[in-house]
S.K.: 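Following this message is one structure expressed as structure tokens.
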Amino acid sequence: MRWFTNYHGRRLEWMLALYTILLGGVLLAPFTVMAPDRFASALLAMSERSWGAVYAVIGGGHALALHINGRAWWTPFIRAGALFCSSQAFLALALSLAHRNPTDLGVFSYGFTAIGFCGAALASAAIDCGHEYRIWRQKDDL
């Protein structure tokens, strides 16, 4: 667990990545999770298994980017990209639920995950990107 506690500022990102992988795994399971009446709009866009694959791939990519973060100059940019993809996937699910029932609890939950949690983590990744950019510019000036 050293990788988790070494970078205190990235705990939220790790939790988001692991949650995204877990959600993808649950959606890939051989039983139905997305009730057709509640997730009708989301299921029109993609099947439940496809949603699961999208979430699993995004979460896995994000976890991989976090694991290798700091070992190369480009890793904060990959983290930011993975966070952006994650936020868009959660936002797509929230909006598909809102289309059917705007007062659905999932609209709030997935929407807050997309905007609140992913937004906060994206701000942290953007700060790291800024640090890397400044270092790169300083090397360029030498």
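A quick note: this is a predicted structure, and the numbers were derived from the prediction, not measured.
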S.K.: Same cluster or not: Leu23 versus Val33, using hydrophobic residues (I, L, V, M, F, W, Y) connected whenever any side-chain heavy atoms lie under 4.5 Å apart?
M.R.: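 Per the 4.5 Å side-chain linkage, Leu23 and Val33 are co-clustered.
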S.K.: When you group the ILVMFWY residues by side-chain heavy-atom contacts below 4.5 Å and let the links chain together, are Phe108 and Ile115 in the same group?
M.R.: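 No, Ile115 does not connect to Phe108 through the hydrophobic network.
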S.K.: Mind checking the CG-NE2 spacing from Asp128 to His131? Nearest 0.5 Å is all I need.
M.R.: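 Taking CG in Asp128 and NE2 in His131, the distance rounds to 6.0 Å.
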S.K.: Quick check for you: to the nearest 0.5 Å, what is the distance between Met34 atom CE and Ser47 atom OG?
M.R.: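 Answer for the CE-OG pair, Met34 versus Ser47, is 9.0 Å.
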S.K.: On a heavy-atom basis, which atom in Ala17 and which in His62 lie closest, and how many Å separate them?
M.R.: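 Where Ala17 meets His62 most closely, the heavy atoms are CB-ND1, 3.6 Å.
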S.K.: What is the minimum heavy-atom distance between Gly60 and Ile21, and which atoms define it?
M.R.: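 Reported closest heavy-atom pair: N-CG1, 3.5 Å.
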S.K.: What do you reckon, is CZ of Phe39 surrounded by more than 12 foreign heavy atoms closer than 6.0 Å?
M.R.: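 Yes, enclosed.
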S.K.: List the atom of Ala89, the atom of Tyr55, and the distance in Å for their closest heavy-atom pair.
M.R.: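 So the two residues come closest at O-OH, 2.8 Å.
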S.K.: Measure across Ala98 and Val107 and return the closest heavy-atom pair with its distance rounded to 0.1 Å.
M.R.: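 That would be N-CG2, 3.4 Å.
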S.K.: Using a 4.5 Å cut-off on heavy atoms from C-beta on, say whether the side chain of Arg49 contacts that of Leu27.
M.R.: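 In short, these two side chains do not touch, never coming nearer than 4.5 Å.
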S.K.: Using the rule that Ile, Leu, Val, Met, Phe, Trp and Tyr join whenever any side-chain heavy atoms are under 4.5 Å apart, tell me whether Trp51 and Tyr19 fall into a single cluster.
M.R.: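 Per the 4.5 Å side-chain linkage, Trp51 and Tyr19 are co-clustered.
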S.K.: Give, for atom CZ of Phe84 and atom CD1 of Ile58, the distance between the pair rounded to the nearest 0.5 Å.
M.R.: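 Taking CZ in Phe84 and CD1 in Ile58, the distance rounds to 10.5 Å.
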S.K.: Only one of Trp14, Phe112, Tyr110 passes ring pair (Phe, Tyr, Trp, His ring centres under 6.0 Å) with Phe117; say which it is.
M.R.: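 Filter result, single survivor: Phe112.
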S.K.: First locate atom CE of Met46, then atom CG of Leu93, and finally report the distance between them rounded to the nearest 0.5 Å.
M.R.: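 It comes to 9.0 Å.
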S.K.: State, to 0.1 Å, how close Gly106 and Arg38 come at their nearest heavy-atom pair, and which atoms those are.
M.R.: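 The pair with the smallest heavy-atom distance is N-NH2, 3.6 Å.
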S.K.: Return the CD to OG1 distance between Glu48 and Thr32, rounded to the nearest 0.5 Å.
M.R.: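 Taking CD in Glu48 and OG1 in Thr32, the distance rounds to 5.5 Å.
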S.K.: Could you check whether any side-chain heavy atom of Leu18 comes within less than 4.5 Å of a side-chain heavy atom of Glu13, counting everything from C-beta outward?
M.R.: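 When only atoms from C-beta onward are counted, Glu13 and Leu18 do not touch, as no gap falls below 4.5 Å.
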S.K.: For Ala42 versus Ser96, what's the shortest heavy-atom pair and its separation?
M.R.: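 That would be CB-OG, 3.2 Å.
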S.K.: Under a 4.5 Å cut-off applied to non-hydrogen side-chain atoms, are Phe90 and Thr20 in contact?
M.R.: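 Yes - at least one pair of side-chain heavy atoms lies under 4.5 Å apart.
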S.K.: Would you say Ser86's side chain and Ala82's backbone share a donor-acceptor pair under 3.5 angstrom?
M.R.: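 Checking the backbone N and O of Ala82 against the side chain of Ser86, no donor-acceptor pair under 3.5 Å is found.
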S.K.: Could you check Ser124 against Arg79 for side chain to side chain contact (heavy atoms under 4.5 Å, CB included), going step by step and ending with a plain yes or no?
M.R.: CA-CA 10 Å; Ser124 173; Arg79 277 179 39 225; 4.2 Å; yes
S.K.: Rounded to the nearest 0.5 Å, how far does CG of Leu16 lie from SG of Cys118?
M.R.: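 These two atoms lie 5.0 Å from each other.
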S.K.: Indicate, with yes or no, if Leu83 and Leu12 share a hydrophobic cluster defined by side-chain heavy-atom contacts under 4.5 Å among Ile, Leu, Val, Met, Phe, Trp and Tyr.
M.R.: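 The answer is yes; both residues are in one hydrophobic cluster.
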